[in-house]
Each structure stands twice: as C-alpha cells, then as structure tokens.
**Q** 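One structure is given below, represented as structure tokens, and several questions about it will come after.
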Amino acid sequence: MPQHERQTDQRLERAILELLDRRAPTATICPSDAARAVYEGDDDGWRALMEPARRAARRLATAGEVEITQAGRPVDPDKARGPIRIRRLR
C-alpha cells in the first residue's frame with residue numbers, strides 16, 4: 001500500500017475516534033463525518049474518502065474500538081451493506 005494511502009487510513013481512523021470522543025458515549029457518527037474531517041478541500045472531494053472511511057471503521061471495529069450499526073443495532077462490519085453508523089463500543 002502506498003505511503004499516502006496508509007497516512008490517509010490512519011487519519012481517517014484518528015478522525016473517527018476524535019469525532020466520537022467529542023460526542024455522548026452512545027452517540028453515533030456517519031463515515032462521511034470522518035471523510036469530511038480528513039478532506040482538505042472545500043468541494044465534495046470528501047466523497048472519494050467514503051469507502052476508505054468505511055474500511056477504517058471496519059478496522060476499528062475489528063480492533064474492538066467501535067461498533068458498526070444499522071437501524072440502531074450492531075451489525076457484522078463485513079456483512080453491512082448500505083448506510084452505516086459508527087459508535088464507541090460499550
């Protein structure tokens with residue numbers, strides 16, 4: 001994996017955790033929140049970071065840091081299709 005991709009992945013993981021730290025323990029964020037936080041432009045280029053943000057969330061879920069939810073319920077990160085939310089593991 002190229003260095004810049006690794007750095008983006010790390011920035012997305014940090015953004016997810018930092019965004020969650022600023023919210024209530026039960027609050028959720030969307031992967032787009034992390035993509036927007038990491039993207040440095042002011043156009044909609046953050047959209048290109050959506051799949052990397054979802055992958056970052058899956059890695060954090062595997063590491064036991066967060067859980068991925070759909071319709072308010074935890075889901076298997078590898079089976080989730082469609083919109084997801086991310087929250088701290090309780």
Side-chain angles (χ1 to χ4, degrees):
M1 174 185 302
Q3 179 68 20
H4 70 84
E5 278 184 43
R6 240 189 328 274
Q7 288 172 333
T8 299
D9 285 349
Q10 290 168 346
R11 286 173 48 214
L12 284 164
E13 289 176 16
R14 268 196 313 274
I16 289 169
L17 296 175
E18 287 168 7
L19 287 163
L20 288 170
D21 282 346
R22 287 187 237 140
R23 288 176 170 75
T26 58
T28 63
I29 63 166
C30 178
S32 67
D33 296 326
R36 285 185 178 97
V38 167
Y39 183 65
E40 291 167 355
D42 55 8
D43 56 11
D44 67 354
W46 59 268
R47 292 179 188 280
L49 294 174
M50 280 300 294
E51 191 50 40
R54 288 173 66 97
R55 286 194 303 267
R58 284 195 290 272
R59 285 192 303 277
L60 289 170
T62 299
E65 296 274 342
V66 302
E67 64 185 353
I68 292 175
T69 65
Q70 287 185 308
R73 289 187 297 281
V75 294
D76 179 337
D78 295 325
K79 292 187 171 70
R81 297 289 173 262
I84 61 169
R85 303 286 296 176
I86 308 160
R87 71 179 169 209
R88 280 284 189 188
L89 196 58
R90 290 185 260 172

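Position 1 is the first residue of the sequence, and the numbers go up from there.
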**Q** Could you name each residue pair satisfying side-chain hydrogen bond (donor to acceptor under 3.5 Å, both in side chains) that touches residues 30-41, not counting sequence neighbours?
**A**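 Matches after skipping sequence neighbours: R11-E40, S32-R36, Y39-D43.
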
**Q** Search all heavy atoms of E67 against all heavy atoms of P74 and return the closest pair with its distance.
**A**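 In terms of heavy atoms, the two residues are closest at OE1-CG, 3.5 Å.
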
**Q** Determine, for R58 against E13, whether the closest basic-nitrogen to carboxylate-oxygen distance falls under 4.0 angstrom.
**A**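 No, R58 and E13 are not salt-bridged.
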
**Q** Ignoring hydrogens, what is the shortest heavy-atom contact between A53 and P31? Give both atom names and the distance.
**A**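 Looking at all heavy atoms of both residues, the closest pair is CB-O, 3.6 Å.
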
**Q** Sequence neighbours left out, cut at 3.5 Å: what donor-acceptor pairs do the side chains of residues 18-25 make with other protein atoms?
**A**
unit_1 : atom_1 : unit_2 : atom_2 : d
D21    : OD1    : R88    : NH2    : 2.7
R23    : NH1    : L19    : O      : 3.0

**Q** Return yes when atom CG of D76 has more than 12 non-hydrogen atoms of other residues, nucleotides or ligands closer than 6.0 Å, and no otherwise.
**A**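 Result for CG/D76: enclosed.
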
**Q** Using side-chain heavy atoms (C-beta onward) and a distance below 4.5 Å, is R14 in contact with I16?
**A**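 When only atoms from C-beta onward are counted, I16 and R14 do not touch, as no gap falls below 4.5 Å.
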
**Q** For T8 and L49, what are the C-alpha separation, side-chain angles and deciding distance, and is it a side-chain contact (heavy atoms from CB on, under 4.5 Å)?
**A** CA-CA 9 Å; T8 299; L49 294 174; 3.8 Å; yes

**Q** Return the minimal non-hydrogen interatomic distance between P83 and Q70, and the atom names on each side.
**A**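 Minimum heavy-atom contact is O-NE2, 2.9 Å.
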
**Q** Between A48 and P52, what is the shortest heavy-atom contact and its length?
**A**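 Heavy-atom minimum between the residues: O-CD, 3.5 Å.
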
**Q** To the nearest 0.5 Å, how far apart are CZ in R85 and CZ in R73?
**A**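 So the gap between those two atoms works out to 15.0 Å.
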
**Q** Would you mind checking if R47 and D44 are paired as a salt bridge, meaning a charged N to carboxylate O distance below 4.0 Å?
**A**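 So D44 pairs with R47 through a salt bridge.
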
**Q** Under 4.5 Å between any side-chain heavy atoms of V66 and R87, yes or no?
**A**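 The answer is no, as the side chains (C-beta and beyond) never meet within the 4.5 Å cut-off.
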
**Q** Is there a continuous path of hydrophobic side-chain contacts, each under 4.5 Å between heavy atoms, that joins L12 to L60?
**A**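 Per the 4.5 Å side-chain linkage, L12 and L60 are not co-clustered.
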
**Q** When clusters are formed from ILVMFWY side-chain contacts under 4.5 Å, directly or step by step, what else is grouped with I68?
**A**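 Taking Ile, Leu, Val, Met, Phe, Trp and Tyr as members, I68 shares its hydrophobic cluster with V75, I84.
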
